[in-house]
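Owing to the predicted nature of the structure, the values given are computational and were not obtained by experimental measurement.
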Amino acid sequence: MSTAPIAFLKGHGTENDFVIVPDPDNALDLPAALVARVCDRRAGIGGDGVLHVVRSAAHPEARHLAGEAEWFMDYRNADGSVAEMCGNGVRVFARYLEHAGHVTAGDVAVATRAGVKQVHLAKNGDVTVSMGRAVLPEAGVTVTVDGRSWPARNVNMGNPHAVAFVDDLAHAGTLYTEPAYAPAAVYPDGVNIEFVADRGPRHVAMRVHERGAAETRSCGTGACAVAVATARRDGADPAETGTPVTYTVDVLGGTLVITELPDGRIEMTGPAVIVAEGRIDPAWLSETAV
């Protein structure tokens, strides 16, 4: 591993926080152990994940998308594992591109492992992401916490989600560890689990255990999955009515607004903030490599 300092920034979207590592030419080696150390909130910088910023043409997983999006979000969970997509992360990623002067306010395309996401940077600070279409597999699961069990709706937003409706968000427990779910075979690569409680007409609140990160203050793809699952529970399907459906989703770190359009596309709007930047100490990197 190189002992040269690594530049980084820190950002968050509704308090889902990330360490941003600019690396346009994909020159850095970011093994899982290093990512986990960086995300450690006591021994490292601290974050729910790492946003590795790479030009699409320079990354083997994204070269085929280079004609559609110049930049690739190589997202890593806090435990170092690779993830397909992160909704809050892609907003923060786009905010970083603006901060660094790579793009200006307006529309920008971002490549992810779940495809190219279209992002709009508004002048008021909000960021809207076109999150693609939800897939609703028929297979569902039962989620269990502290002896209570609930049926969970299976929603895929480019990454897997299980959405359970509860009377009280406290029923989700501490969420330090992954809630039990069965049958496990429905999610062979793990799952993000959302617990949802009603707050008013087309207004819900959620807590989430994110795969590879434990409970987080927010989850963008999770909020989209929750909005879709809630709409179907409420009997609303824009594909059938031709009318968009919008839900306000409260997360621990703020509020996201999710709209499902008649063609199935889902738009997520919320804040994205860059809060700091600096360099990782080369000596610490050497210790991490041992």
Side-chain angles (χ1 to χ4, degrees), residues 13-14 16 68-69 84-91 94 106-122 124 126-141 143 150-166 186-187 191-208 210 218-251 254-272:
T14 51
N16 196 185
E68 301 175 64
E84 303 93 339
M85 173 58 184
C86 175
N88 287 318
V90 76
R91 293 203 323 278
D107 297 327
V108 59
V110 175
T112 76
R113 291 185 176 86
V116 174
K117 303 302 177 184
Q118 301 298 325
V119 184
H120 181 77
L121 292 153
N124 68 358
D126 279 344
V127 182
T128 298
V129 182
S130 182
M131 298 288 288
R133 296 169 173 81
V135 175
L136 301 172
E138 292 185 5
V141 298
V143 174
W150 305 269
R153 184 69 186 255
N154 189 348
V155 183
N156 195 291
M157 286 299 308
N159 57 357
H161 295 268
V163 180
F165 293 94
V166 297
V186 173
Y187 299 110
V191 63
N192 305 285
I193 301 175
E194 287 80 27
F195 296 87
V196 185
D198 289 301
R199 290 291 183 263
R202 295 193 176 176
H203 184 185
V204 296
M206 62 173 266
R207 290 176 62 197
V208 57
E210 284 200 62
S218 179
C219 176
T221 56
C224 293
V226 163
V228 171
T230 307
R232 298 302 181 273
R233 183 205 63 176
D234 294 345
D237 186 345
E240 295 180 358
T241 64
T243 302
V245 175
T246 297
Y247 278 83
T248 298
V249 181
D250 294 338
V251 295
T255 297
L256 295 167
V257 177
I258 313 299
T259 298
E260 186 180 9
L261 302 172
D263 65 2
R265 289 181 298 118
I266 298 169
E267 294 182 342
M268 174 183 63
T269 299

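Across all their heavy atoms, Ala94 and Val108 have their closest contact at CB-CG1, 4.2 Å. Looking at every heavy atom in both residues, Val155 comes nearest to Ala134 through CG1-CB, 4.1 Å. Across all non-hydrogen atoms, the minimal contact from Leu136 to Arg153 is CD1-NH2, 3.6 Å. Nearest approach of Ala162 to Ala152, heavy atoms of both residues: CB-CB, 3.9 Å. Nearest heavy-atom pair across Cys224 and Ile266 is SG-CG2, 3.8 Å. Cys86 and Asn16 get closest at one heavy-atom pair: SG-OD1, 4.3 Å.
A donor-acceptor distance shorter than 3.5 angstrom exists from the side chain of Arg133 to the backbone of Asp263, with no hydrogens or angles considered. In terms of modelled atom types and a separation under 3.5 Å, the side chain of Asn154 and the main chain of Ala139 share a donor-acceptor contact. The backbone N or O of Pro160 sits less than 3.5 Å from a side-chain atom of Asn192, completing a donor-acceptor pair. Listed for the Arg91 side chain is a donor-acceptor partner under 3.5 Å among the backbone atoms of Pro271. The main-chain N or O of Ala236 is never found under 3.5 Å from a side-chain atom of Asp234 such that the two would form a donor-acceptor pair.
Tested against His203 for a side-chain hydrogen bond (donor to acceptor under 3.5 Å, both in side chains), the candidates Asp198, Thr248, Asp250, Thr230 yield a single pass: Asp250. Put simply, the residue from Val127, Asp126, Thr128 that forms a side chain to side chain contact (heavy atoms under 4.5 Å, CB included) with Leu121 is Val127. For the side-chain hydrogen bond (donor to acceptor under 3.5 Å, both in side chains) with Thr221, the lone residue among Glu84, Glu194, His161 that qualifies is His161. Checked options Arg113, Met157, Met131; the residue passing with Met85 is Met131 (criterion: side chain to side chain contact (heavy atoms under 4.5 Å, CB included)).
Between Arg199 and Val204, every side-chain heavy-atom pair lies at or beyond the 4.5 Å cut-off. Between Val226 and Tyr247, every side-chain heavy-atom pair lies at or beyond the 4.5 Å cut-off.
Atom OG1 of Thr246 and atom CG of Leu261 lie 8.0 Å apart (nearest 0.5 Å). Between the CE atom of Met268 and the CG atom of Asn88 there is a distance of 5.5 Å, given to the nearest 0.5 Å. Separating the OG atom in Ser218 from the CD atom in Glu210 is a distance of 8.0 Å, to the nearest 0.5 Å.
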